[in-house]
Structures are given as structure tokens and as C-alpha cells.
Peer 1: 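Take this structure, written in C-alpha cells, and hold onto it; I'll ask about it next.
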Amino acid sequence: MISISILRVMKVIRFRFGLFLQALLVCFLLSCQSQGTKHTFMEDRRLKMVDRQLQSRGISNHRVLEAFRKVERHRFVLPRDTANAYEDYPLSIGYGQTISQPYIVAFMTEAIHPDKNMKVLEIGTGSGYQAAILAELSGEVYSVELIGELAKRAAQTLNELGYEQVHIITGDGYLGWPEHAPYDAILVTCAPSHIPLPLIDQMAENGRMIIPVGQDSYNQELVILRKTHGKLRQEESLPVRFVPMMTPEGKTY
Ligand code: SAH
């Protein structure tokens, strides 16, 4: 129906205004259609990712799933990986670092029980994707990244996408970000050999921390901690592989 009426309009335009104007109109319609298709294509992949990689593996928090449907992961990966942005594996983001597999990002996000009023600290900004997901679900997000170039790139991407509530600094995340403590949740995306004391100190009462622990990348555990009455309790854990937490001198913690 629609294409028949478009054809009729074309005929009228050609009859009244000639071939040149008709050609212009065709170019305009084609460019609209190709933009629309590209958008739908990425959105389609994103929705499939949520369905096949997250929901089917047990991620069930509706707000978390909605955030993953919304945040355009392909904007956070390197241009050469745009087509792989919604695949079920981690991707390189340069400087020897990686953006985690979507399921791991979702698992960690769900584990902190995100809430609109929460103040969250992330250690290891990387691409800024996890920070964007956190920003969709909580209040203020503070994120510390050791590599200045990554911090700068992530800040630019988040700024372009309008995430004003994400604050990024370049620094050593082992020390946390004491100026804004205490945090309702701390999410660490690089692995130290032990849980950093400054991060424990910066947890709010009833706050949670999720952190991969273990120096050997083949033998790490994702640990979930909760602070109640000033004491820490381990809630759950999972075997994982994260990049190591580094000192500013280039050694591992
Ligand atoms: N959360 C990121 C993935 C981060 S990969 C994302 O969504 O893309 C882990 C990051 O931790 C890397 O960018 C690495 O540079 C950073 N990192 C390593 N040691 C660190 C430290 N001591 N302090 C802060 N960031 C650190």
C-alpha cells in the first residue's frame, strides 16, 4: 500500500517538477531508510543479547534488563568491533584492557542490588560501558581509571550520550575515591590479589562490594561482600577472569 502511494507521488512529482526533483526525493528516501535500518539492526542485536545471554542465564531484575536494552554498547567499543559489540565475549578496548562479556557486567550490576538513590563507586572505568549501565540504575556514579587515555575517552563517550551523573578521575583505584565516600555499592572491574582495605573503609553501612580477587588470571573468584554493623559478610561468588589491578608503577597488586 505504502509503496503504491509513494509511486503515485513520484509520478505526480515527475509530471509537475521533472526528473531532477524526483531523483533528489529518491536519494532522500533511501538515506532515511538506510539510517532507520541501521538503528533497528543494532537495537535488534541488543534485544537478542538481553534475551539470549542475560535472561536465559538467570538475570531477572527488570530494571537491570531494561538498562541493558537501552545502553548502546556499540558506542563504547573500538570502531573495528562495532559489529561484535553484542557478542557473548569480552572485547579489547586498547592499552591491553578489555570490556567484559555482557553477562558478567549484568551479573555484577544485579549483585549490587542497584537503586535510584544509591551512590556507586566503580574501579576500572575502561570503556565507560559499566558506568553507563550503573548511571541508568542508580544516583551518582564515581569511577576511577588508572590509564589517563582510557579515562579521557570514556568521559567523552559518556558526555556525548548525556550521562552527566558519571564522574571520572584518573588515579589508583586501590585507594578508592575517599572524597565522596561512603558508597552504597563498590564495583571493581580489575583483579587485585586481596581486597583493598581503603575500599572496605569506603563502604557505607549495609553497602555491597563486588570484586574479582586473585592474582593468577586463571584462578580468580568474583566475591560479593556486604557490610553490616561494620562487619563484612561474603554473600556469593563465581569463578572469573579479569585483567589485574595495577599499581601506578606498572606492578600488580
Ligand atoms: N568496567 C570497564 C572494563 C574495565 S577493564 C568497562 O565497562 O569497559 C579494567 C580496567 O581497570 C582497565 O581499564 C584498567 O586500566 C583498569 N585498572 C587497572 N588497575 C587499576 C587501578 N589500580 N585503578 C584504577 N583502574 C585500574
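All ligand and atom numbering here is 1-based and tracks the order in the structure. These figures come from a predicted structure and were not determined experimentally. Position 1 is the first residue of the sequence; numbering continues from there.
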Peer 1: Are any of the N or O atoms of E145 closer than 3.5 Å to those of ligand 1?
Peer 2: yes
Peer 1: So, regarding L146 and ligand 1 (criterion: nitrogen or oxygen to nitrogen or oxygen, under 3.5 Å), is there a contact or not?
Peer 2: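 Indeed, backbone or side chain, L146 has an N or O that close.
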Peer 1: What do we get for C190 next to ligand 1 when only non-hydrogen atoms under 4.0 Å count, side chain, backbone, both or neither?
Peer 2: side chain
Peer 1: For Y163 and E136, test the side chains for any donor-to-acceptor distance below 3.5 angstrom and give the result as yes or no.
Peer 2: yes
Peer 1: Between Q97 and ligand 1, find which residue part has any heavy-atom pair under 4.0 Å and reply side chain, backbone, both or neither.
Peer 2: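 It is the side chain that gets close, since no backbone atom is under 4.0 Å.
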Peer 1: Can Y86 and R46 be counted as having a side-chain donor-acceptor contact under 3.5 angstrom?
Peer 2: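 Yes, R46 and Y86 have a side-chain donor paired with an acceptor closer than 3.5 Å.
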Peer 1: At under 4.0 Å between heavy atoms, which part of T98 makes contact with ligand 1: side chain, backbone, both or neither?
Peer 2: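 The backbone, only.
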Peer 1: Any link between F242 and I133 through a network of hydrophobic side chains (Ile, Leu, Val, Met, Phe, Trp, Tyr) touching at under 4.5 Å?
Peer 2: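 Looking at the clustering, I133 is in the same group as F242.
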Peer 1: We want to know whether T125 and E145 form a side-chain donor-acceptor pair, criterion being a heavy-atom distance below 3.5 angstrom.
Peer 2: no
Peer 1: Roughly how far apart are R52 CZ and L54 CG, rounded to 0.5 Å?
Peer 2: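 Answer rounded to 0.5 Å: 12.5 Å.
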Peer 1: Going by the closest heavy atom to atom 23 (N) of ligand 1, which one wins out of G176, G173, P196?
Peer 2: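 Result: the heavy atom closest to atom 23 (N) of ligand 1 is in G173.
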Peer 1: If you take the nearest heavy atom of each of V188, I133, I104, T189, which one is closest to atom 4 (C) of ligand 1?
Peer 2: T189
Peer 1: With a cutoff of 4.0 Å, is T125 in contact with ligand 1, counting heavy atoms of the residue only?
Peer 2: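 In this structure, T125 qualifies as a contact of ligand 1 - some heavy atom is under 4.0 Å.
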Peer 1: Do the two ring centres, one from Y129 and one from H74, sit under 6.0 Å apart?
Peer 2: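 Distance test on ring centres: not under 6.0 Å, no.
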Peer 1: With a 4.0 Å heavy-atom cut-off (strictly under), which part of A131 contacts ligand 1: side chain, backbone, both or neither?
Peer 2: neither
Peer 1: Heavy-atom pairs closer than 4.0 Å: do any link ligand 1 to the side chain of V243, the backbone, both, or neither?
Peer 2: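 For V243, only side-chain atoms sit under 4.0 Å from ligand 1.
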Peer 1: Quick one: do the T189 and Q130 side chains pair a donor with an acceptor below 3.5 Å?
Peer 2: no
Peer 1: Does one side chain, of T252 or Q215, offer a donor that lies under 3.5 Å from an acceptor on the other?
Peer 2: yes
Peer 1: Indicate yes or no: does an N/O atom of D172 lie under 3.5 Å from an N/O atom of ligand 1?
Peer 2: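 By distance alone, the answer is yes.
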